[in-house]
Q: 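Before anything else, here's the structure in question.
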Amino acid sequence: MKFKAICENHLFSKAYAKGKRFVTPSLAVYLLPDYAAERLQKENPMKIKVNRIGLTVSKKIGGAVVRNRTKRIIREAYRRVVRENAVKVGFLIVIAARDRATRKKSDDLVPELKLAFEKLGLVTPCTK
RNA sequence: UUACCGGGUGGCGCGAUCGCGCGGUAUGGCGCCGAAAGGUAUUACCGUGAGGAAAGUCCGGGCUUCAUAGGGGAGGAUAACGGAUAACGUCCGCCGGGGGCGACCCCAGGGAAAGUGCAACAGAGAUAUACCGCCGCCGAAAGGCGGUAAGGGUGGAAAGGCGAGGUAAGAGCUCACCGGAAUCCGCGGUAACGCGGGUUCCCUGUAAACCCUAUCCGAAGCAACGCCUUCGGGAGAGCGGAGCGAUCCGCUACGGUUCCCGCCGGAAUCCCGAUGGCGGCAGAAGGCGUACGCCUUCAAGCCGUUUGGCAACAAACGGCGCAGAUAGAUGACCGCGGUGCCGAAAGGCACACAGAACCCGGCUUAUAAACCCGGUAACGUU
RNA sequence: GGCCCGUUGGUCAAGAGGUUAAGACACCGCCCUUUCACGGCAGUAACGGGAGUUCGAUUCUCCCACGGGUCA
């Protein structure tokens, strides 16, 4: 499952400032409607709307190895949530790792991420 | 056996399922771009996919840009000698010094006898000195003048140590021995240097203080650079326009062995002159760090054998030929096995340090468990 | 990714090879005041870590750790 990544700093700032937030023990999820979704849809060869994802792992959490691994685990959890649920599209999603996430397995993060998406209205709770 | 010294290997393995980056092959009906050819998303399969330190950025190169090759200054680096190397501050060998019973380890290891500076406190005195003491003279005495570095005490350091001669008392003042420095000769060594002998001298420490000597270094770095956009682009010629006019403005074309102007260039972070090149521009300002190039499979490459060399290393032959991302690709989970710890067992827990970003050679730092090789000392046994 | 700086009491900071390491704010105690503030007096408290050079390092050199700046 492909997804587009956020790399511009101003989008992160915007998500932190204006986005809806939900925090689980090992993650913090920020959600903002993507104003550029329409434009990106035209640029996309498949002409479908996508969510743009930004992953944040602070240097405080660890070195490069730890941070890379944490990002992989979060990415894996996101993939599984998307595969198993109907997730709405057209949003900017910023997922920040908290220090507890480094010691988690991806199985542990799937329910957390799903819960966060449900609370933020990305996923309807009935679809299991 | 115990304690230690030096060097090296190695960086958990195998197999399922679901996923990721790159390359290739096929697919590309539906989707997207295109008039079409075609391209592309997609999907499937195959191949491939982090390190010994990828790290710190401490040195040295390659490569790229600065027009070309230079000179000088400033600045920086290094420092016994010989070699290795593309080069090095690295490596090897060796010399000297220091440490250890020893295997062995450590040393920014030139010059303080070219000059300048500094040496707090203590001490009489720190590169020159007379506080106590000793000796001589003057004096009734107190004390004064002079000589003296043997003795006292201070200090990291007090004029090399010790003995004898010498003297009023003393002093390398003289002599013997010892120690050190410079230099000459002989022998050994490629050399540093060592050994023996002669001559002269004995002068504090500090150069990771300034400095002197020798050698080396142009600067900046893939966020470089290429790239993209805008501005600028003389005179003279033609056309048009404005103005009474000098003249100005706009457009067009030509030209580089004319003139003129200019750029490189106030040469590149300081200075200097030289050669020359280039252009109708050069250049300036910006753009976004984006798209693409650089960018990554032919390399100072890795492995093995042989030869040369004490060694670092070199040569020849054979084989292999190997990541290329751009918020940055290797993860999740399961099974079997390995090693260690805990436990009576079942079993449980742990398996380090750590992530390429143009590429190499080193250094330094971080590293769990395990294994191998060589050696030393002590004790024991034969 | 490259290139440069910095680290001194709780905070901001000077110093520069040498006695006991300035100063300001803060803190604590005493005095003043009916009390607080202001003022006065006195006090506590520091050279990021490890090696080296030196008689002696906070200062000089090297290696780490941490914190910043800057470049397309």
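Keep in mind that what you see is a predicted model, and the values were worked out from it rather than measured.
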Q: Can you tell me the distance, in whole Å, between the CD1 atom of A:Ile73 and the P atom of B:rG355?
A: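 Between P of B:rG355 and CD1 of A:Ile73: 17 Å.
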
Q: Tell which nucleotide pairs with B:rC254, taking only Watson-Crick or G-U wobble pairs whose two distances are both under 3.5 angstrom.
A: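 Result: none.
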
Q: Please report the distance separating the P of B:rC227 from the corresponding atom of B:rC66, rounded so that it comes out in whole Å.
A: 11 Å

Q: Just label B:rA50 as syn or anti from its O4'-C1'-N9-C4 or O4'-C1'-N1-C2 angle, using within 90° of 0 for syn.
A: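 Syn conformation for B:rA50.
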
Q: Using atom CZ of A:Arg75 as one end and atom C1' of B:rC18 as the other, report the distance to the nearest whole Å.
A: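 Between C1' of B:rC18 and CZ of A:Arg75: 16 Å.
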
Q: Roughly how many Å apart are B:rC178 and B:rC202, using the C1' atom of each and rounding to a whole number?
A: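 Rounded to whole Å, the distance is 14 Å.
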
Q: Between A:Ile74 and A:Lys71, is any pair of side-chain heavy atoms under 4.5 Å apart?
A: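 Side-chain contact under 4.5 Å: no.
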
Q: Tell me whether B:rG52 sits syn or anti, counting syn as a glycosidic angle within 90° of 0.
A: syn

Q: For atom C1', what is the distance between B:rG89 and B:rC363, given to the nearest Å?
A: 9 Å

Q: Using atom C1' in both nucleotides, what's the gap between B:rG61 and B:rA299 to the nearest angstrom?
A: 15 Å

Q: Looking only at non-hydrogen atoms, find the nearest pair between A:Leu27 and A:Glu112 and report the distance.
A: N-OE1, 3.9 Å

Q: Suppose we define a pair by two distances each less than 3.5 Å, Watson-Crick or G-U wobble; what does B:rG286 pair with here?
A: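 Result: B:rC228.
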
Q: Which whole number of Å gives the distance between the C1' atom of B:rG335 and that of B:rU48?
A: 27 Å

Q: Whole angstroms only, please: what is the CD1-P distance between A:Ile74 and B:rA327?
A: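 That distance rounds to 17 Å.
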
Q: Check whether any side-chain heavy atom of A:Ile95 lies under 4.5 Å from a side-chain heavy atom of A:Ile93, and answer yes or no.
A: yes

Q: Provide the closest heavy-atom pair for A:Thr70 versus A:Ala97 in the form atom of the first, atom of the second, distance.
A: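 That closest heavy-atom pairing would be CG2-CB, 3.7 Å.
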
Q: In the strands shown, is B:rG70 matched to any nucleotide by a Watson-Crick or G-U wobble pair with both distances under 3.5 Å, and which?
A: B:rC272

Q: Look through every strand shown and name the nucleotide pairing with B:rG374 as Watson-Crick or G-U wobble, where both distances are under 3.5 Å.
A: B:rC5

Q: Is any side-chain heavy atom of A:Leu115 closer than 4.5 Å to one of A:Phe22?
A: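 Touching, per the 4.5 Å side-chain cut-off.
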
Q: Write down the partner of B:rA142 under the Watson-Crick or G-U wobble criteria, each distance required to be under 3.5 Å.
A: none

Q: Which whole number of Å gives the distance between the P atom of B:rC104 and that of B:rU200?
A: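 Comparing P positions in B:rC104 and B:rU200 gives a spacing of 46 Å.
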
Q: Suppose you measure atom P in B:rU229 against the same atom in B:rC278; what distance do you get, rounded to whole Å?
A: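 It comes out at 27 Å once rounded to the nearest Å.
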
Q: Please compare A:Ala64 and A:Lys71 by the position of their nearest nucleotide in RNA chain B and report the one closer to 5'.
A: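 Nearest nucleotide further toward 5': that of A:Lys71.
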
Q: When the distance from CD of A:Glu76 to C1' of B:rG21 is rounded to whole Å, what number comes out?
A: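 The answer, rounded to whole Å, is 15 Å.
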
Q: Using the P atoms only, state how far B:rG49 lies from B:rA325, rounded to an integer number of Å.
A: 16 Å

Q: Working to the nearest 0.5 angstrom, can you tell me the gap between A:Leu55 CG and A:Arg72 CZ?
A: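 Here the interatomic distance stands at 12.0 Å.
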
Q: How should the glycosidic conformation of B:rU296 be described, syn or anti, under the criterion that syn lies within 90° of 0?
A: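 Because its glycosidic torsion lies within 90° of 0, B:rU296 adopts the syn conformation.
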
Q: Looking only at heavy atoms, what is the nearest atom pair of A:Val110 and A:Val81, with distance?
A: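 Taking every non-hydrogen atom into account, O-CG2, 3.9 Å.
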
Q: Can you tell me the Watson-Crick or wobble partner of B:rG125, both distances under 3.5 angstrom?
A: none

Q: Is there a Watson-Crick or G-U wobble partner for B:rC81 with both distances under 3.5 Å, and which nucleotide is it?
A: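 Pairing partner: B:rG93.
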
Q: Stems in RNA chain C: runs of 3 or more consecutive Watson-Crick or G-U pairs, distances under 3.5 Å?
A: C:1-7 with C:65-71, C:10-12 with C:23-25, C:29-31 with C:39-41, C:48-52 with C:60-64

Q: Where does B:rG172 land, syn or anti, given syn is within 90° of 0?
A: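 Syn.
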
Q: Is there any protein nitrogen or oxygen under 3.5 Å from a nitrogen or oxygen in nucleotides 49-57 of chain B, and what are the pairs?
A:
none

Q: Calculate the interatomic distance between A:Tyr78 atom OH and B:rA327 atom P; express it in whole Å.
A: 16 Å

Q: Does the structure show a Watson-Crick or G-U wobble partner for B:rU148, both distances under 3.5 Å? Name it, or say none.
A: B:rG133

Q: Tell me, do A:Val29 and A:Arg21 make a side-chain contact under 4.5 Å, heavy atoms counted?
A: no

Q: With sequence neighbours left out, write down each residue that passes side-chain contact (heavy atoms from CB on, under 4.5 Å) with A:Val65, or none if nothing qualifies.
A: none

Q: Rounded to the nearest 0.5 Å, what separates atom NZ in A:Lys114 from atom OG1 in A:Thr24?
A: 14.5 Å

